[in-house]
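Remarks on the structure that follows.
Proteins come first, then strands; the chains are lettered A, B, ... in the order of their sequence lines, and each starts at number 1. No experiment lies behind these values; they were computed from the predicted model shown.
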There are 2 protein chains.
Amino acid sequence: MNDYDPAAFPPFAVTVDLVVLTIRDDVLHTLNVRRGEEPFRGRDALPGGFVRPDEDLPDAAARELREETGLRRVPGHLEQLATYGSPGRDPRMRVVSVAYLALAPDLPDPRGGGDAAAASWVPVADALRPGRLAFDHRRILADGLERARAKLEYSPLATAFCPPVFTIGELRRVYEIVWSADLDPRNFHRKVTGTPGFLVETGERTTRGGGRPAQLYRRGDATLLNPLLLRP
Amino acid sequence: MNDYDPAAFPPFAVTVDLVVLTIRDDVLHTLNVRRGEEPFRGRDALPGGFVRPDEDLPDAAARELREETGLRRVPGHLEQLATYGSPGRDPRMRVVSVAYLALAPDLPDPRGGGDAAAASWVPVADALRPGRLAFDHRRILADGLERARAKLEYSPLATAFCPPVFTIGELRRVYEIVWSADLDPRNFHRKVTGTPGFLVETGERTTRGGGRPAQLYRRGDATLLNPLLLRP
DNA sequence: CCAATAGTGTCTTTCAGACACTATATA
DNA sequence: TATATAGTGTCTGAAAGACACTATTGG
């Protein structure tokens with residue numbers, strides 16, 4: 001069973017689907033598209049589409065993300081999540097879908113090319129309601145959300161939700177929103193400033209918040225947090 | 001770009017590939033098959049094969065594992081690893097391969113059905129030598145190995161390498177071999193016996209080792225270790 | 001006896017979490 | 001002034017790692 005037989009192989013359609021997460025107005029949102037055709041006409045779905053014959057999988061995911069957001073370069077983070085291929089997951093044919101997880105800072109409203117007119121940001125809690133998403137996309141979204149939550153513990157990925165320069169209070173709000181948990185601002189400050197490579201001081205301060213002006217930081221070059229920032 | 005077009009989609013071959021890890025004679029081994037055909041004739045490869053038209057992905061992985069080991073039920077653990085689909089990864093055609101990671105206790109030598117005659121256990125260090133594995137299988141094996149190493153930290157997965165009943169010394173040897181690190185036997189003992197749900201006492205003792213007889217344990221029902229067992 | 005492995009106790013350092021307190025802005 | 005957020009210091013308890021010590025087998 002090891003060798004491929006180029007003459008006769010069962011044909012599959014291969015697509016990429018995207019779990020895109022961002023934070024708008026202190027609420028975690030995901031990017032959905034409204035389906036205009038059967039099956040699941042009128043329901044929402046994750047953005048995605050066919051992989052082209054000569055296109056690499058990450059390229060296909062990045063292309064779909066650009067098309068749906070209307071941005072030429074989408075800032076943030078993109079990684080493979082998992083692959084879903086149950087025989088019945090698309091009633092029309094056998095589709096194997098490679099899901100990608102994208103984290104982005106607050107983006108403008110979806111606009112522009114392709115079917116992006118039907119795209120919109122939806123609070124994750126709404127998108128997760130049973131029956132809201134088409135196909136098995138609710139499960140894919142749940143898996144992506146759990147992956148994001150877990151990675152905040154051991155990677156500096158929370159900065160993917162932030163603009164290039166941010167305060168520690170803004171970073172903390174990312175953790176609180178993604179984890180749905182309150183964190184002690186003082187302990188959080190001590191922890192993230194003490195983790196080597198996580199943050200780089202810019203020397204600038206801001207006063208966009210209410211009280212005392214805060215230091216501004218940029219993302220550091222660490223890829224793994226040590227010590228870990230565990231969920232409460 | 002969201003909707004699938006059932007009439008015209010680019011056809012892909014979809015396969016599963018397996019990173020099977022086990023411990024034999026205190027060395028981490030992986031299951032390889034010798035290729036009998038071009039391309040890469042005579043080189044080793046990960047076991048794998050086509051997904052059947054009506055077969056779920058995990059079922060395909062489990063089936064390949066059974067076929068290659070010759071066992072009707074393979075004990076241990078099986079999980080999806082990642083999906084590899086670069087356009088050039090198979091010179092003959094476009095193949096998207098869903099890789100699975102399997103961890104198993106020491107199994108008999110590969111025997112039996114299908115192409116399993118060409119299957120063998122290879123020390124991981126050998127299999128990872130550049131040029132040894134066909135296609136991009138070296139990368140897949142490296143990814144699987146790293147996944148296994150990481151999961152030992154936060155899951156009770158090390159027990160998948162052990163027989164149903166085992167001593168703490170045997171469990172520690174699993175950690176030491178997978179991590180290529182020495183662990184303090186006394187601290188290790190205190191840590192694993194103090195982690196709720198990790199181990200269940202059987203009340204039995206054994207004397208298979210040299211010195212003082214050891215308690216025998218079974219795997220507990222924890223799915224996550226708390227506190228974590230971090231690599232040194 | 002010695003060698004080998006199992007298992008317990010104890011000490012030091014590090015880190016998480018709770019929280020008092022100070023600093024600096026706006027209203 | 002009050003209020004809000006930023007940031008520091010300090011305490012307590014949990015856990016990691018180093019390692020002394022005891023326990024129980026076989027040779």
Side-chain angles (χ1 to χ4, degrees), chain A residues 26 152-154 156 158 162 165-177 179-218 222 224-232, chain B residues 26 152-154 156 158 162 165-177 179-218 222 224-232:
Chain A
D26 281 356
L152 292 204
E153 292 190 321
Y154 60 89
C162 296
V165 159
F166 53 87
T167 69
I168 290 182
E170 290 162 354
L171 183 65
R172 175 170 47 83
R173 228 155 296 137
V174 169
Y175 275 91
E176 291 179 330
I177 290 165
W179 284 349
S180 305
D182 289 334
L183 302 179
D184 185 294
R186 303 157 292 184
N187 292 335
F188 183 85
H189 188 283
R190 197 165 18 79
K191 268 154 70 155
V192 297
T193 54
T195 300
F198 194 1
L199 302 177
V200 178
E201 291 191 36
T202 64
E204 308 289 311
R205 324 187 124 262
T206 186
T207 172
R208 32 179 186 255
R212 166 177 170 181
Q215 278 266 9
L216 286 169
Y217 292 85
R218 227 181 287 281
L224 248 31
L225 301 187
N226 193 320
L228 304 172
L229 255 159
L230 297 174
R231 282 175 268 193
Chain B
D26 281 356
L152 292 204
E153 292 190 320
Y154 60 87
C162 296
V165 159
F166 51 88
T167 69
I168 290 183
E170 289 162 354
L171 183 65
R172 175 171 47 83
R173 228 156 295 137
V174 169
Y175 276 90
E176 291 179 329
I177 291 164
W179 283 349
S180 304
D182 289 333
L183 302 178
D184 185 295
R186 301 157 294 185
N187 292 334
F188 183 85
H189 188 282
R190 199 166 16 79
K191 269 154 68 155
V192 297
T193 52
T195 300
F198 195 178
L199 301 178
V200 178
E201 293 190 36
T202 64
E204 308 289 311
R205 325 187 124 262
T206 185
T207 173
R208 32 179 186 254
R212 165 177 170 180
Q215 278 267 8
L216 285 170
Y217 291 85
R218 226 180 289 281
L224 249 31
L225 300 187
N226 193 320
L228 303 172
L229 255 160
L230 296 174
R231 284 175 268 193

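In this structure the side chain of Leu171(A) reaches within 4.5 angstrom of the side chain of Leu199(A), judged on heavy atoms.
For Arg205(B), the side chain to side chain donor-acceptor pair (under 3.5 Å) test picks out no residue, with sequence neighbours left out. Among residues two or more places apart in sequence or in another chain, the ring pair (Phe, Tyr, Trp, His ring centres under 6.0 Å) test is passed with Tyr217(A) by none. Not a single salt bridge (Lys or Arg N to Asp or Glu O under 4.0 Å) links Glu201(B) to another residue, sequence neighbours left out. With sequence neighbours left out, Arg231(B) forms a side chain to side chain contact (heavy atoms under 4.5 Å, CB included) with Glu146(B), Arg149(B), Ala150(B), Glu153(B), Trp179(B). When the salt bridge (Lys or Arg N to Asp or Glu O under 4.0 Å) test is applied to Arg172(B), the partners found at least two apart in sequence or on another chain are Glu176(B). Looking at residues two or more places apart in sequence or on another chain, you find a side chain to side chain contact (heavy atoms under 4.5 Å, CB included) between Ile177(A) and Ile23(A), Asp26(A), Leu28(A), Arg173(A). For Asn226(A), the side chain to side chain contact (heavy atoms under 4.5 Å, CB included) test picks out no residue, with sequence neighbours left out.
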Whether each nucleotide of nucleotides 15-20 of chain D has a protein heavy atom under 4.0 Å at its base (B), only at its sugar-phosphate (S) or at neither (-) is summarised, 5' to 3', as -SBBBB
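Distance Glu201(A) CD to dG7(D) C1': 12 Å, rounded to the nearest Å. Taking atom CZ on Arg205(A) and atom P on dT5(D), their separation rounds to 17 Å, with Å as the unit. dC15(C) atom P lies 17 Å from atom CZ of Phe188(A), rounded to whole Å. For the pair His189(A) NE2 and dA16(C) P, the computed distance is 16 Å after rounding to whole Å.
Non-hydrogen atoms lying under 4.0 Å from DNA chain C are contributed by Gly169(B), Arg172(B), all within residues 166-175 of chain B.
Below the 3.5 angstrom threshold, one finds no donor paired with an acceptor across the side chain of Arg212(A) and the base of dA25(C).
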